[in-house]
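Structure first, then comments.
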Amino acid sequence: MRPIVFAAVLLTIATGSSAQIVESVGNRALGMGGAFVAVAADSTATWWNPAGLATGPFSDISVGRATTDLKEQVPARRDRVSWFAATAPAVGVSYYRLRITDIRGFAPTAQLAVNREDTRAEVSVRSISVSELGLTVVQSILPGVHAGATLKYVRGTVRGGADDATRAPGELLDRGEDLEGGDAESRLDLDAGLIAEAGPVRIGAVMRNIREPKFADATFTLPRQTRVGAAIDVEKAGGIPLILAIDADVGTYATGTGDRRVIAVGAEQWLWAKRIGIRGGARFNRVGAQERATAAGVSIAVRNGLYVEGQITRGGSDADRGWGFGTRVTF
């Protein structure tokens, strides 16, 4: 029986190739619902839009952690991300560590292989650990127009197995995170972005995972993701410290729980001489299950230039739910 189940696991893993989502990193970005491509100017621009570093502070350092779950029934996914990013004029370094776990039912062809005398229902459980070490450089190409790129050294390990389908999805995801084994593989990859600003208006575009690195004989892929965004900085137009933003994925990309092509909107306002920042946003997946999610976040200045930040995302039982926290130093 075990060889049959093992073969079914391999078949199911091979039929689903991608998992990473854009909305994984950054308390400011996630607190705005993921509308951040044209806003990115702090150190998490190394993830969201490398070109944004040209418009940011002299230096910015951020450390954080975030967790995102999708759905309370199979198929389901959990992303755990921790990061360190630091920037200086025209250059940035970053380290992102992701643990991506998903559970899915076996494909029909796999189900046919199961012995009819075995009444246990099983699901495929897959987990991948991905570490990304990046070097970001930016260049001004025209007044107010900047280009940036992040060269990434990516190291990934894929693990897979089968588990009892009668367990709760949360428990299955917990058990998937404990999977062991797998061989670590290394790849080189590239992100690239553009940003243009004219007065209060900012327009950005980014392409992530340009080389689409593949792991475990191409059974897992970090998908290419192209996104555009626009933002208005009301303060630069003589108004209050308020930013309004919208993002949209240009194309569809695959994840372990279905296709994804997102529109996101968000806002950020600073209060009390910019000692407290509050933000909110929403996003809508236009394909697949068409999940919706809303988000909120806050930044509190502990002292000048030192912030404690957090965010929370809620979308019901069929959409993204998560939280995150971190610290950021900027000057």
Side-chain angles (χ1 to χ4, degrees), residues 22-49 51-66 68 85 87 144 195-204 206 227-248 262-284 292-315 320-331:
V22 177
E23 300 88 3
S24 297
V25 168
N27 288 295
R28 287 186 66 207
L30 298 183
M32 295 179 68
F36 207 64
V37 166
V39 180
D42 60 26
S43 50
T44 61
T46 54
W47 175 279
W48 281 91
N49 187 351
L53 296 188
T55 65
F58 179 83
S59 183
D60 190 274
I61 302 171
S62 64
V63 179
R65 182 174 176 82
T68 301
T87 63
I195 201 161
E197 53 181 353
V201 178
R202 293 168 62 97
I203 298 174
V206 66
R227 197 163 190 157
V228 296
I232 297 177
D233 188 337
V234 177
E235 186 178 26
K236 290 187 176 180
I240 61 176
L242 173 67
I243 295 175
L244 305 173
I246 183 170
D247 272 20
V262 167
I263 290 180
V265 293
E268 177 183 74
Q269 183 175 0
W270 288 87
L271 307 169
W272 295 343
K274 296 189 176 181
R275 297 197 64 83
I276 294 181
I278 56 174
R279 53 191 66 94
R283 59 178 175 263
F284 171 60
R292 295 175 174 86
T294 57
V298 63
S299 296
I300 300 174
V302 178
R303 60 178 60 185
N304 190 30
L306 172 61
Y307 297 92
V308 176
E309 300 179 320
Q311 59 85 18
I312 186 169
T313 301
R314 287 293 180 267
D320 299 355
R321 295 168 288 115
W323 55 272
F325 65 92
T327 60
R328 184 165 58 93
V329 179
T330 185
F331 53 90

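The analysis underlying the following values was restricted to heavy atoms, covering all of them including side chains, and did not include hydrogens, waters or symmetry mates.
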Sub-4.5 Å side-chain heavy-atom contact between I243 and V39: yes
State whether the side chain of R202 and the backbone N or O of A38 hold a donor-acceptor pair below 3.5 Å, judged by distance alone. yes
Considering non-hydrogen atoms only, spot the tightest contact between G34 and A264 and give its length. C-CB, 3.8 Å
Taking C-beta and beyond as the side chain, do E23 and T68 meet within less than 4.5 Å on heavy atoms? no
Quick test of your reading of the model: are D320 and R283 salt-bridged, counting only N-O distances below 4.0 Å? yes
Here the pair of heavy atoms bringing A41 nearest to T55 is CB-OG1, 3.7 Å
Just checking, any donor-acceptor pair under 3.5 angstrom between side chains of R279 and S299? yes
With rounding to the nearest 0.5 Å, note down the distance linking CD1 in I61 to CG in D42. 12.0 Å
Measuring only between side-chain heavy atoms, which start at C-beta, is W48 closer than 4.5 Å to V22? yes
Short side-chain donor-acceptor distance under 3.5 Å, T87 and S43: no
Do E235 and K274 come close enough that some side-chain heavy atom pair is under 4.5 Å? yes
For A245 versus M32, what's the shortest heavy-atom pair and its separation? CB-CE, 4.1 Å
Are any of the side-chain heavy atoms of T330 and Y307 separated by less than 4.5 Å? yes
Are side-chain heavy atoms of R328 and E309 found at a separation under 4.5 Å? yes
Could you go step by step and tell me if D247 and V228 meet the side-chain contact (heavy atoms from CB on, under 4.5 Å) rule? CA-CA 6 Å; D247 272 20; V228 296; over 6 Å; no
Less than 4.5 Å apart, any side-chain heavy atom of I195 and any of N49? yes
Should we count CZ of R314 as having more than 12 external heavy atoms under 6.0 Å? yes
Check whether any side-chain N or O of N27 sits under 3.5 Å from a backbone N or O of F325 as a donor-acceptor pair, and report yes or no. yes
Answer whether the closest heavy-atom distance between the side chains of R227 and V262 falls below 4.5 Å. yes
What is the minimum heavy-atom distance between G204 and V37, and which atoms define it? C-CG1, 3.6 Å
Counterpart residues, side chain to side chain donor-acceptor pair (under 3.5 Å), relative to K236 (two or more places apart): none
Does T44 form a side-chain contact (heavy atoms from CB on, under 4.5 Å) with R28? I'd like the steps, not just the answer. CA-CA 9 Å; T44 61; R28 287 186 66 207; 5.8 Å; no
Donor-acceptor under 3.5 Å (R275 side chain, A301 main chain): yes
Between atom CG of L30 and atom CZ of F36, what is the distance when rounded to the nearest 0.5 Å? 9.0 Å
The criterion is side chain to side chain donor-acceptor pair (under 3.5 Å); which residues satisfy it with Q311, sequence neighbours excluded? T313
Separation between CD1 (I263) and CZ (F284), nearest 0.5 Å, reads 8.0 Å
Might you work through the side-chain contact (heavy atoms from CB on, under 4.5 Å) test for L242 and E268, ending with a clear yes or no? CA-CA 6 Å; L242 173 67; E268 177 183 74; over 6 Å; no
Measure up the F58 and F331 rings against each other and bin them: parallel (under 30°), tilted (30 to 60°), perpendicular (over 60°). tilted
